[in-house]
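We name chains A, B, ... by the order of the sequence lines, and we start the count at 1 in each one.
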There are 2 protein chains.
Amino acid sequence: MISLSIIGTGNVAFHLANAFSSVQGVQLNYIVGRSTHALTDFKPLAKTTTDLSNIYSSKIILIAVSDSSIAEVSKKIKSTNSLILHTSGSTSLDILNLHNRRGVFYPLQTFSKNKHLIYKEIPFCIEALLQEDVLVLTELAEKINAKTFSINSTERASLHLAAVFSNNFCNHILTEAKMLCEDNNVSFDLLKPLMTETISKAFLLGPENSQTGPAKRGDLSTLEKQRNSLSSRQLELYNTLTHSILKFYER
Amino acid sequence: MISLSIIGTGNVAFHLANAFSSVQGVQLNYIVGRSTHALTDFKPLAKTTTDLSNIYSSKIILIAVSDSSIAEVSKKIKSTNSLILHTSGSTSLDILNLHNRRGVFYPLQTFSKNKHLIYKEIPFCIEALLQEDVLVLTELAEKINAKTFSINSTERASLHLAAVFSNNFCNHILTEAKMLCEDNNVSFDLLKPLMTETISKAFLLGPENSQTGPAKRGDLSTLEKQRNSLSSRQLELYNTLTHSILKFYER
């Protein structure tokens, strides 16, 4: 039995608390938040508290707070034999350097409160100071049927940056595509099969082999025609991305 | 029985020729190309020819050539009672204005020669000068189980622009993400579940409601840290997209 407490009340904390509260072999002890209000949604899942001193009996203490708060929270945790984890892609293991037993449990996925997740499809990138704790992290991930990958802090920072490109930037591009559709009364949903195929091709053939479109073809007249119907924010994206595609394929 | 000839030897021509050569109710007569060499791959599918004069007995003549060549090809087709179509998202119906029976048959999808397509999942955007020809186009799409949507030339241009953002730009961003992974010896494949979820969320919740990441959070210290490990081409994309996300969500 792995006993676990979670510090944090954001989307990652919410999803992991949900997952771990309902599996065999994990005892979800406490969820710690700064205010009782933030803890409301967590009450059905475990005991909730604003007081860190409650949680030291847990084998694992998982810090699932914003990247900029990890150091501060880590310092507040007293010397303990618990394994202290954070869940951040862009933060080094060393930020937990007050603790001998420290590790990282980074789910490479995007979390929204109202979207169900299937954990067996989420890669968990794990790292620990002590080899024995790598095994604990593997076991923890197995409880929710997730796969683990041993990734050190430097590799994880690269992976997180690639995830920012993949998820954050593509999602923003889709937001602009939706605006274009709405401005012209065509349904954004028509683009779903295209995007599903784009992602399928990118991982099957490689995105560098799947590039199509006017920039890839060097079709300057279509590029010029399309520029005329864009807002200034869209035009900036259009020009930068088009320029980057032209440059990439002229090599 | 719909008799059909296709002009063109690119990816769209190849996939449509393949699809129409193997369904009931369509007689694929000729594939027309500029050279016998370009026509090699089409020989198993239909008669091939470099001579347009062969094809006037077909009920439908489908021009599937690059956008910049449509006008030229259209002019070469003599006056005929055939329905003349192009397949371009960014080109008006009017470019076929020498022909009384003209239409557009635009598959909103990305085509690569070596990737199998499932037509029932591809929206075909159709337009025709004559109402009776809209029915012919609907029937043609039904032969390959595709859904049709009546979209006029202005709407189609917007949709094509949104498709450029969605497919071409996201795919290029994935190319840069793959470069980041390769530069740092982490597997690009780890990002597949993330991207699958990103697309699922974008069409379920709306991409504007699914945005996450350091730019959305206004997490300037993570943004600054990430900038330090990028090439100049990646940095230009990073800065433009980050700026655009910051601007979009400050509204």
Side-chain angles (χ1 to χ4, degrees), chain A residues 67-68 90 108-110 112 115 121-123 155 158-159 161-178 180-181 184 186 189-199 201-203 205 207-208 210-213 215 219 221-222 226 233 236-237 240-241 244-245 247, chain B residues 67-68 90 108-110 112 115 121-123 155 158-159 161-178 180-181 184 186 189-199 201-203 205 207-208 210-213 215 219 221-222 226 233 236-237 240-241 244-245 247:
Chain A
D67 293 3
S68 55
S90 64
L108 184 42
Q109 188 50 283
T110 167
S112 291
K115 178 75 168 65
E121 289 167 11
I122 302 179
E155 293 164 342
S158 311
L159 206 50
L161 186 51
V164 164
F165 271 72
S166 303
N167 166 31
N168 301 165
F169 292 171
C170 284
N171 189 71
H172 181 61
I173 297 267
L174 289 177
T175 303
E176 297 294 356
K178 188 176 175 189
L180 284 168
C181 289
N184 299 284
V186 288
D189 282 340
L190 285 176
L191 295 169
K192 191 179 177 189
L194 173 69
M195 281 314 295
T196 305
E197 176 73 2
T198 299
I199 301 309
K201 272 168 66 168
F203 288 95
L205 311 175
E208 72 280 23
S210 309
Q211 192 66 50
T212 58
D219 177 353
S221 84
T222 298
Q226 295 197 323
R233 196 185 56 243
E236 199 191 347
L237 291 174
T240 301
L241 279 149
S244 186
I245 295 171
K247 245 162 81 177
Chain B
D67 294 3
S68 55
S90 64
L108 184 42
Q109 189 50 281
T110 166
S112 291
K115 178 76 168 68
E121 289 167 11
I122 301 179
E155 293 164 342
S158 310
L159 205 50
L161 186 51
V164 165
F165 270 73
S166 303
N167 167 29
N168 300 165
F169 291 171
C170 284
N171 189 71
H172 182 60
I173 284 183
L174 290 178
T175 302
E176 297 294 355
K178 188 176 175 190
L180 284 168
C181 289
N184 299 284
V186 290
D189 282 340
L190 285 176
L191 295 169
K192 192 180 176 187
L194 174 69
M195 281 313 295
T196 305
E197 175 74 0
T198 298
I199 301 310
K201 271 168 68 169
F203 288 95
L205 312 174
E208 72 280 23
S210 309
Q211 192 67 49
T212 57
D219 176 353
S221 84
T222 298
Q226 295 197 325
R233 198 186 54 244
E236 199 191 346
L237 291 174
T240 302
L241 280 150
S244 186
I245 295 172
K247 246 163 79 177

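- Taking the side chain as every heavy atom from C-beta outward, B:L205 and A:S112 approach each other to under 4.5 Å.
- In terms of the side chain to side chain contact (heavy atoms under 4.5 Å, CB included) criterion, residue partners of A:E155 (sequence neighbours excluded) are, by chain and number, A:I151, A:N152, B:V186.
- The greatest number of non-hydrogen atom pairs below 4.5 Å with chain A, out of B:C181, B:S68, B:G213, is found for B:G213.
- Heavy-atom distances place the side chain of B:D67, and not its backbone, under 4.5 Å from chain A.
- Taking each heavy atom of B:N171 and A:P207 in turn, the nearest pair found is ND2-O, 2.8 Å.
- Here the closest heavy-atom approach between residue A:Q211 and residue B:N168 is recorded as NE2-O, 2.9 Å.
- Using modelled atom types, no side-chain atom of B:E176 and backbone atom of A:F165 make a donor-acceptor pair closer than 3.5 Å.
- In plain terms, the two heavy atoms of B:R233 and A:K247 that are nearest each other are CG-CE, 4.3 Å.
- Heavy atoms of A:K115 lying under 4.5 Å from chain B belong exclusively to its side chain.
- The parts of B:D189 that come within reach of chain A are both its backbone and its side chain, each placing non-hydrogen atoms under 4.5 angstrom from that chain.
- A:C170 and B:I173 get closest at one heavy-atom pair: SG-CG2, 3.8 Å.
- Separating the CG atom in B:N167 from the CD atom in A:E197 is a distance of 9.0 Å, to the nearest 0.5 Å.
- Taking both residues in full, the closest heavy atoms of A:I245 and B:H172 are given as CG1-CG, 3.4 Å, listed atom of the first, atom of the second, then distance.
- Residues passing the salt bridge (charged side-chain N to carboxylate O under 4.0 Å, His left out) test with B:E208 are A:K178, sequence neighbours excluded.
- If you take OG1 on B:T198 and CD1 on A:I199, they are separated by 8.0 Å, rounding to the nearest 0.5 Å.
- Using a 4.5 Å cut-off between heavy atoms, B:S221 makes no contact with chain A at all.
- Contact count against chain A (heavy-atom pairs under 4.5 Å) is highest for B:L191 among B:T222, B:L108, B:T196, B:L191.
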